[in-house]
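Each chain gets a letter, A, B and so on, in the order the sequences are listed, and its residues count up from 1.
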Amino acid sequence: MAYIIEMCNITKEFPGIVANDDITLQLKKGEIHALLGENGAGKSTLMSVLFGLYQPEKGIIKKNGEVVRIENPNDSNRLGIGMVHQHFKLVHNFTVLENIILGAETVAGGRLQTKAAADSVQKLSERYGLKVDIHARIADISVGMQQRVEILKMLYRQNEILIFDEPTAVLTPQEIDELMKIMKELVSEGKTILFITHKLNEIKKVADRCSVLRKGKYIGTVTVADTSMEEMSEMMVGRKVNLMIEKNPAKTGDVIARVQELSIRNRLTHKMVVNNVSFEVRAGEIVCLAGIEGNGQSELVYAITGLLQPDAGTIEMNGEDITHLPIRKRNEKGMSHIPEDRHKHGLVLDFNLGFNLVLQRYFREPFQQSGFLQYDKIYEYADELIGKFDIRSGRGSRTDARSMSGGNQQKAIVAREIDRNPDFLIAVQPTRGLDVGAIEYIHRKLVEERDQGKAILLVSLELDEVMNLSDRILVIYEGEIVASLDPKTVTVQELGLYMAGSKRGELA
Amino acid sequence: MKFSWKAYVRSDAFSSFMSSLMAIVVGLFIGFLVLLVSNPSQAVRGFGAILFGGLTDMKNLGQVFYFATPIIMTGLSFGFANKTGLFNIGAAGQFIVGAYAAVYVGVKWTSLPGHTHWMVALMAALLAGALWGLVPGILKAYFNVNEVIACIMMNYIGMYAVNYMVVKTVFDSLRNQSLRVAATAVIPKAGLDKLFITGNSPSSVNAGIFIAILAGIVIYVVLDKTRFGYELKACGYNRDAARYAGINEKRSIVLSMAIAGALAGLGGALLYLAGAGKSIEVVDVLAIEGFNGIPVALLGLSHPLGILLSGIFVAYLTVGGFNMQLYNFVPQVIEIIIAVIIYFSAFALLLKGFIQAYLKKKDRPLEEAKALAADAGSTEKGGGVE
Amino acid sequence: ACGSPAPAPAPSEEPAGETEAAAEGISDDGTFELALITDIGTIDDKSFNQGSWEGLRDYAVDNGISHKYYQPSEKSTDAYLSAIELAVRGGAKVIVTPGFLFEEPIFIAQDQYPDTHFILIDGVPHNEDYTEFRTEPNVVGVLYAEEQAGFLAGYAAVKDGSRSLGFMGGMAVPAVVRFGYGFVQGAEYAAEELGLAAGDVTINYHYTGGFDATPEVQTLAASWYQSGVDTIFACGGAVGNSVMAAAEQAGAKVVGVDIDQSGESETVITSAMKGLGASVYSTLEAFYAGSFPGGETIVMDASNDGVALPMATSRFESFSQADYDAIFEMLVNDSDGIASSMLKDNDVDSAGAIPTEIVTVTLVN
Amino acid sequence: MNTIYFLVQQTMFFSIPLLIVALGGMFSERSGVVNIALEGIMIVGAFSGILFINTFQAALPGQPILLLAILIAALSGMLISLTHAYASVNMKANQVISGTAINMFAPAFAIYVARMLRTVQQIPFMNQFRIASVPVLGQIPVVGDLFFTNTYLTTYLGFIILVLSWFVLYNTRFGLRLRSCGEHPQAADSVGINVVRIRYAGVLISGALAGIGGLVFVIPTSTNFNATVSGYGFLALAVLIFGQWKPSRILVAAFFFGLMKTIAAAYSGIPFLATLGVPNDVYKMIPYLTTLVVLAFTSKTSQAPKAAGVPYDKGSR
Ligand SMILES: Nc1ncnc2c1ncn2[C@@H]1O[C@H](COP(=O)(O)OP(=O)(O)OP(=O)(O)O)[C@@H](O)[C@H]1O
Ligand SMILES: Nc1ncnc2c1ncn2[C@@H]1O[C@H](COP(=O)(O)OP(=O)(O)OP(=O)(O)O)[C@@H](O)[C@H]1O
Ligand SMILES: [Mg+2]
Ligand SMILES: [Mg+2]
């Protein structure tokens, strides 16, 4: 069979790292081809080469057997290659329509012609069931809808080779199912799809073949139907990975944190984003707040951690009302917070790793004495944490946080928050975008903490994580807790229905 | 730790320094071209005046320090704010209100004992400057007002307010400027006038240069060595993360602007209390020293110690440019040269890259050996240094 | 830069240095025998720097003497002294320093450089706090009776039919103040002669606070013209440029200052000139003739042709050469004490305090 | 009524240059390049335009020479802004530094060149450009007095530039692409837009407009040019921020500033203001104070282009 796209012996270097090392990848027309690999294996880089964002140092690309030059996205577009990027490339203050036509505008008499474009986008969206409001601003729509915009962008350009770079990382199970359906439909129309994901079950579900990369090198291509998930993950990591978390039953203790009738109003739209929420977390349990992104969980966490003042209700920790305490006081009283956005809140990227590891402690002795920072003590402590938590970086505690890989940045935050030995640990999407190895590690750490009698509030969109890790599940929908579930008795499908708001439960 | 020259050459600080140096060389070269074009016969002598004018005699050397004093202060003001993520373009206003406060105290509070009079005047300037910095700080922290525009507004408000107050309180109507301050309010010469003298004409340099240097060192220590500096920098680099960490980021912004203002205000005092016979003119023109601090800070890479050096360097060029008049050149050449230097210092990042790439190339065999050794030990080679 | 100086006869477009580099002939040893130090302004400030420079340059060119001007690095006594030092190092025998800001530096420099001669324009050497006035034999001070120039302008404007006048000075420095006071008194004198009633003549009186052309000045002038003022005496360097811009819009009139500004705009009806270049020229002549009037202060006024209106280029409607000659004669002769009793800068606190019967002065601040 | 006509006419002289220059800044910043060099570019534009007028004013009639001078000012503004574009786009330099350098360079350069060519630093010009009354339109009651008497071609040019800017920004392909580069250059790049070229265009347009603005600023308010535009470049920057990077709001901001400045400068000629006895310096402060107060209430939701000031690096993520 002829290949529609062949990437032959691609080598791409970045300063200090060979991201793609002599990689060959062949796509058959009409297949869904999965690309698997750990964080930093070079998947996005390879795709960026195919899409014309990067120029490889070595290697050639062929389409239908003919060598083609792809120097920029215009070239790839002409060749019918489209890409949904891992980090969406959407202009936040543009409308959906503007984003879709950007770069492929039609112009008459110097004027942008949006009418015709609007019609054809509308048609596309109906045909593939990609529901979007084309006049909404990107900033105002959900992540799921943003993804649909990205897909529409490709379809609008009539691309026939579609690259999806980790499209499911940000979707709910229902949305993932929908996406899979759409992908299958697209393939049935003769389009070819390259699909990047860390989730093996998804590969199992839709992909025909799967290529695996490891540390920039090509490991091999397998037929998905003939390969088990364990085999694939071993190819990817180079060792056996434990996909299930082993944990003992929870030994719960006192109530550590209690939230009562908490309400939060959005400052701009004045809509209720958190509505009369009450729950408690006990020592020795992991309570999971499950929900689709944008249902108030971020605001709820901000209120608990002090980044935002609630409009009504109280928050107690260890029996003390902390609703109006400043953030530092809460930290001092034993609250830890692994934030949702590691670059926005979690790290000062221009500080080095050592400085970041003492972000909530620099003012305490011995890191500080009479107002002066004690560098040696800070680095000593940092090195200790780096060792203990296996945080990898080029220059140890002196590495700029900015230059660290996402996975190791996340490890640093986890290390910092756990090492403060909190009574109450709030972990928001602690494994987002990480590879299985890193996920395994962080999950193990969280369970360890629980077993040491910490109260843990876990906020996650990943159903597997929710099911595996939690002792109790609270489902949040449109700012309200709509169900309190036991992970041992509820099924993933059911959980999905609660999260989507189509089912409400008894509140325990 | 023992100082290793080799390690220093490989360090970031060294490449930064080299890139500034290269910018200076390019700037001077273009300056020389300008001289050549405008008056070939005198170009070499004129250029000599630029390069060595500040060194021709002790007085000129003293003048270098005298001119450096206020621009070091406004440079520190800008650089300090910059390090904490703020763009203080309001030094002009802070400078002039500081100058006014100092002059007011210097003229009016003559009952103060001699040795404290000038110090009180400096304090007054510090406070006035701080106040002027405080306003944009508060607006930024609590009302999200872009500090650039707030600072520009405060510059003009400061200028008009000072014009009004000078006329109301300390006006020398014969000269349309502020009255001379009392002798006790003049910053002591600290013997510098005996050292930096040529013939019987002493330089205007005074203890102000020590105060400026001290200010630079203090700012360096505060930013780099203290917990307070850690907080300010954290806010500057990432306001959200600072808040997350429990740092009161609003307070930090306000304090940071106030300190920047205080530095500029102090600069105003150091100039107008220098005893060089300078008075505040009642004109609707912003204090140029406020803007001159920006290039000084940028050339010094916003580092307090860098600013000390670059302030002295710019002053050195200024003195050279003044002397260049002997060879029939317009002093504006100096401004052109400084502008070109600043322009090329903007390329620092790229130059730094070149320098580091060059050094690396030289080190290649060594590095590769090291890398091999390291690879054997660890599975993942993370953490790019660049 | 400021509101004083320059008799320069030609309303030339390019006033100052013609070709500096060429004219500034360097002597063989690379020195400059005649030097001028500008104050904060430049030699093309249309004011005393320019006037003095033209006098010096003309003399130097006429006699083939090397000459040059220096700019101080900032506006302070020390900086002026440094500039003087630089000039001396550059070989200067005579240094011209225009502007009262040089009073203190010259007071110091006259002792420091006893072999160098100084011509201080618009001032008398004194120490910092005005407690000691002393002029050494190597210094000559030159003062001008600006009030007489202002008087002539005010007189001519009212005689020519203006009733609503304006005075727009740069900074309220002594020379500018004298111009303004003279202007008011000249207008009053003319009004009396014409037998006008009290309040028939009005003068808006204002100092802009600078010597630059700015849109603010243009706006203010425009608003005055708009409110009925027909003639503004623009007394302060480039301030005049903005006033002229406004006058062109309003079809109104401007009185220039220091030098003959009729070439700058059709709206300039006359200029209150003072003979700065001429005095520099003649003092230099005296120096080379060995009769340097050291230790003295020369006062330039109508009697020694130190002030004037340029009648040849004036654009009066009815005010004639004969009218001008008559009033000028009176000043020269001090008839009725007209010159000697004229109020100057230190006589009253403000223009509003000048006793006028017909002219109403409105102070604008 | 006359007072009102006067105020409106006079306000134009302040507002139009502010409008033009702020619109220029808008193009640059919306393409992602912060342009603090507006002041310097204005000086260069004014200088070359005035020098041109000074040289040819005897040979050519008023309006044509004005139009040519505007062209020259625009070209020279573009030329100098090219250095800014090169530093900010190609060299990925700190945009504030290169802007500061230009601000420093421009007046020194203007003085230096003026002295080389003319021996003095001030360049005089004859103002043959004022239009006492626009034919026909000037006769219209009220409106004619407000907008078509005592005016300059440049006033209408300002409005033309405004309308064009608005149209280009919101209704053309270029505008869409320009805005996308200022918000999210990676996104623009990923759909095949040449970010480098767009940013160059943004900076060059800002250079042209700032150059024109400099000339427009000088012409009605003086009869010579002395290497300064009195800080109006910085004010234009303030207008740009005040106007939230949007043409319509920039218009409002420019006129707000212009009116305030006019009142502050002209109050002594306005009967009821003249009698209030408020000190002159207070009037002068009013525009700046008001701006601060207004900003305090309106800045909560700033709309600065997200990527402005950040050099675009293909590789960065
Ligand atoms: N622009 C860049 N500059 C420098 N290094 C880069 C750049 N982009 C990627 N890299 C490096 O190249 C390697 C491959 O990165 P890439 O993003 O392709 O990984 P990936 O397989 O997509 O990982 P993930 O699963 O986390 O998305 C990584 O080590 C990464 O840090
Ligand atoms: N811009 C860069 N320049 C140089 N090296 C980089 C750069 N970005 C990342 N790196 C290096 O590449 C390695 C991997 O980084 P990368 O961010 O791709 O990891 P990741 O696990 O894919 O993170 P994420 O999951 O957030 O995408 C790190 O060791 C880092 O030092
Ligand atoms: Mg990645
Ligand atoms: Mg990736």
Worksheet item: Which atom names give the shortest non-hydrogen contact between D/Ser190 and A/Pro73, and what distance separates them?
Response: O-CB, 3.4 Å
Discussion item. Report which part of D/Phe174 has an atom under 4.5 Å of a heavy atom belonging to chain A: side chain, backbone, both, or neither.
Written reply: neither
Discussion item. Please classify the contact between A/Leu102 and chain D as side chain, backbone, both or neither, with a heavy-atom cut-off of under 4.5 Å.
Written reply: both
Worksheet item: Taking atom NZ of D/Lys306 as the centre, does the number of heavy atoms from other residues, nucleotides or ligands within less than 6.0 Å exceed 12?
Response: no
Worksheet item: Among all residues two or more places apart in sequence or in another chain, which pass the side chain to side chain contact (heavy atoms under 4.5 Å, CB included) test with A/Asn77?
Response: A/Arg157, A/Asn159
Worksheet item: chain D contacts: which residues in residues 103-115 of chain A have a non-hydrogen atom closer than 4.5 Å to it?
Response: A/Gly103, A/Ala104, A/Glu105, A/Val107, A/Gly110, A/Arg111, A/Leu112
Worksheet item: Around atom OH of D/Tyr86, are there more than 12 heavy atoms of other residues, nucleotides or ligands at under 6.0 Å?
Response: no
Discussion item. More than 12 heavy atoms of other residues, nucleotides or ligands under 6.0 Å from CD of A/Gln158: yes or no?
Written reply: no
Fill in: Contact residues of residues 92-100 of chain A (partner chain D; heavy-atom separation under 4.5 angstrom)
A/His92, A/Asn93, A/Phe94, A/Glu98
Worksheet entry | Main-chain N/O of D/Gly192 paired with A/Asn72 side-chain donor or acceptor, under 3.5 Å | no
Response to the item:
Ordered numerically, the heavy-atom neighbours of chain A under 4.5 Å found in residues 198-216 of chain D are none
